[in-house]
Amino acid sequence: MRHFRIAHRLGWRLRIVAPRLARDPERCYILEILLRKHPAVEDVKLVADIGSLTVRYDPQRMPEAALLALLDKVVGQLLAAPPAPPPAAAPVDGPVAECSLAVEGMTCASCALLIEMKLRRDPRVRSAAVNFAASTVSVLGAIDRDGVTDMIRRLGYEARPMDTLAQRRLLVEREKQRIAEAKKRFMQSALLTAPVMISGMLMHRSPALRVMEFALSTAILFGSSNSIFRKAWALARQREANMDTLIAIGAGAAWAYSLPGVLKMHHHVYFESAAGICTFVLLGRYLEERAKGKAGEAIRKLIELQPETALRLAADGSERDVPIDEVVVGDRLRVRAGDRVPTDGRVLEGASSVDEAMLTGESLPVAKRPGDPVTGGCVNGNGSFVMTVTAVGGDTVLSGIVKLVDHAQGSKLPVQKLADRISARFVPAVGGVAAATFAGWALAGAPLSAALAHSVAVLLIACPCALGLATPTAIMVGTGQAAKRGIYIRNGEALETAARLGTVVFDKTGTITEGRPAVTDHRILPLFAEARIADLVDAAEAGSEHFLARALAEWCRPRRQRTLATDEFVAHPGRGVSARVDGCDLLVGNAALLSANGVADGIFAADAGQFAEQGKTPVFVAVDGQIAAVFAIADRPRDGAADAIATLHRLGLQTVMATGDVEAVARHVAQLVGIDRVIARATPADKLAVIRELQAAGQKVGMIGDGINDAPALAAADVGFAIGGGADIAVESADVTLVGGDIARVAAGIDLSRRTMGIIRQNLFWALGYNVVAIPFAAAGRLNPMIAAAAMALSSVSVVTNSLRLQRD
């Protein structure tokens, strides 16, 4: 017996699911390591939460049978034996788990790199990723949350939990407080700096002025700017350094060099430089915090969808408002008219309509009755109901959506790796350049004060913050804007790849079309009233589950006048039904059913032929042996499908439809929506072959589908777009999930990814160009320390502000 089941065969990829490995990161990690060591395995994609593993391999070097045998052996061994770390890893004790925390106190990209490197050095940590723009850290390893928090705190930063939406709401409040505090510190520093600057312009002409400069600059450095020096000192004790270290050295050196000048008028002083440096740095950090807050607006709006309290019903029927974190699974909650649903659950009593636009994108409310599911964050209509709680905290759909957006915003694009490598080496390199600048000017005979000023300018101008913010801020804003439009991007790589797509392959049923056959045309003899035909057909089809019968029933429902009883009902498989309704003998079916009962299709034969040519199914109705009506039933294109395809064409993309439907139907639908190329009667293997053929021709291919039969092609495509809805969002395995079935979001997503990548390239060009130009100018003595500090602050703000342009629709 196999220890797993095969989810999808993809030719050169194979996806398996081992339920017993689900949520066991340690065993999954070992499985991935062992498989990657095999020379025939090219790539392994692991989703530990659901025990899913997709293996890309070379079928020439390892046939599928050999791969299955290897997987069976390795998975079986892992399940049979207690988990052990892979041989290449340092020995660790305890189970491997993943935790995500918010980090407070990071002031530049070098802070994030420092925390990341420090965590990775710990033998208990398997992987660590810190996102400066999002202020988050994700750690996988045999280390608990308290251990991670302690390591971060020793570096001078604070780590806080962010598992539930209530905790995230507290973080949002703290973010607002941080922005207010940053503004307060800057304003205090600016007010104290103004007299020092004026005194400097007066050339420090009296001892009284110098004493005033000393007092005010001291208050600025060790009062308003004390966080910079505290952090630099904490890092020094850990034998580490970051941008705070450079600022503390630069401003501190200018202040310390000036101390003898308080008493000696011939000694030059730089109190105004020290004060100005700190003030400009504080201004930059205030503006940066405010801009980063705007970049995280999408997450904040999602978090605010969950109410802070819930109305809980006690066993005696009394009601009490309780904090949402106190609600547990099984609780009964009352949801009043106009309230937001507090968490996920099912309706127990009452009825209402609920606005689920945040999940489905549909503007019309959805009726809810006992037994129906409700989702936390959705808005209740005019009714009131009692619900039982089925999920709380991090297990809710809304929390899953927030985590999905979090994951996308925290992911690193390939284009960011170069920036990270440069930033990691920047601080020590800048320290070396500053030392060389001081030594060079001193050896050239320049005054010691001038050599110091030039070296301080180098320390301040070369901040790597702009470089570190270039990519993550654009990703944050881009993925946030996508989420607002119902486009949920699973990872940053999909955002980057989508910008380079050249061809988009569509499934038809449920993707281009609604996936719900309906009556598109009908012809009725004048002898019969429409309401009479509706009454008869509705009665005849009332008990049938056939999709054609359901389509007819939907057409009849608003047109019928009476509910009639049915006698002598007979189903004729492949042909239709016959019944006696209200004293009439009724036939509802195809031409073969009519012919078998001696009824000629006569006047409607031409209409039926025309319907068939358009890919529609003709259904005849005969009453008492006489033809009465003909209906055309088809799966209609989604509203806006043609506009979506036209938009893709304007973006320069080619479109292909690959469907299992017949040629006539496929071509008719493709003609209606404007798709270029049609592949009919396509099996899942055929769809996969289409993807591979296009990729072999050098195309980047996107695949859009909604069914299980689309899964192989979705996995093989460079970017897979899944038509999702409601609760599927958080667990969808595709790269991108489009909520509510609106394929216009595909074009919007591709356009947004292109604009995001354009912003990233602009940010990287500015950040790298700024440092390349600024450092030589500072070393050459062309920048004084205050201007250097101002330029450093504005470089980061400019990058974040440029990323915020993505918020313009």
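Because only heavy atoms are used, hydrogens play no part in the values below, and waters and symmetry mates are left out as well, while side chains stay in. In this text, all values refer to a predicted model and were calculated from it rather than measured experimentally.
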Using a 4.5 Å cut-off on heavy atoms from C-beta on, say whether the side chain of [Y] contacts that of [X].
| X | Y | value |
| --- | --- | --- |
| S225 | L282 | yes |
| L140 | V125 | no |
| F271 | V262 | yes |
| S100 | V137 | no |
| V433 | I775 | yes |
| M757 | E496 | yes |
| N802 | W766 | no |
| M106 | I115 | yes |

* To do: Would you check, one step at a time, whether the test side chain to side chain contact (heavy atoms under 4.5 Å, CB included) holds for T437 with H454?
  => CA-CA 7 Å; T437 300; H454 300 331; 3.9 Å; yes
For the atom pair [atom1] ([X]) and [atom2] ([Y]), what is the distance rounded to the nearest 0.5 Å?
| X | Y | atom1 | atom2 | answer |
| --- | --- | --- | --- | --- |
| E181 | S227 | CD | OG | 8.5 Å |
| S199 | M212 | OG | CE | 4.5 Å |
| L119 | S138 | CG | OG | 10.5 Å |
| Q762 | S798 | CD | OG | 11.5 Å |
| T309 | R340 | OG1 | CZ | 13.0 Å |
| Q306 | L398 | CD | CG | 6.5 Å |

Test item: [X] side-chain N/O and [Y] main-chain N/O as donor-acceptor pair under 3.5 Å:
| X | Y | value |
| --- | --- | --- |
| W441 | L448 | no |
| T396 | V392 | no |
| E104 | E158 | no |
| T756 | L752 | yes |
| S753 | A499 | yes |
| R185 | S224 | yes |
| R145 | P161 | no |
| R120 | S127 | no |

* Asked: Once the angle between the rings of Y286 and F186 is folded into 0 to 90°, is it parallel (under 30°), tilted (30 to 60°) or perpendicular (over 60°)?
  -> parallel
* Asked: Taking the inter-plane angle between the rings of F222 and F229 on a 0 to 90° scale, is it parallel (under 30°), tilted (30 to 60°) or perpendicular (over 60°)?
  -> tilted
* To do: Quick one: do T149 and L101 satisfy side chain to side chain contact (heavy atoms under 4.5 Å, CB included)? Show the steps, please.
  => CA-CA 8 Å; T149 302; L101 298 165; 3.8 Å; yes
So which atom in [X] and which in [Y] form the shortest heavy-atom distance, rounded to 0.1 Å?
| X | Y | result |
| --- | --- | --- |
| L216 | P195 | CD1-CB, 3.7 Å |
| L155 | A234 | O-CB, 4.3 Å |
| Y157 | K231 | CE2-CD, 3.7 Å |
| I759 | A474 | CG2-CB, 4.0 Å |
| L221 | A251 | CD2-O, 4.0 Å |
| A451 | A442 | CB-N, 4.0 Å |

* Mind checking side-chain hydrogen bond (donor to acceptor under 3.5 Å, both in side chains) for R154 and listing every partner two or more places apart, or none if nothing turns up? => D150
* To do: Pick out which of R126, R124, K118 makes a salt bridge (charged side-chain N to carboxylate O under 4.0 Å, His left out) with D122.
  => R124
* Asked: Side chains of T279 and T193: donor-acceptor distance under 3.5 Å anywhere?
  -> yes
* Can you find a side-chain donor-acceptor pair between Q481 and R755 that sits under 3.5 Å? -> no
* To do: Mind running side chain to side chain contact (heavy atoms under 4.5 Å, CB included) on M187 and K183 for me, showing each step along the way?
  => CA-CA 6 Å; M187 294 300 294; K183 182 179 180 180; 4.3 Å; yes
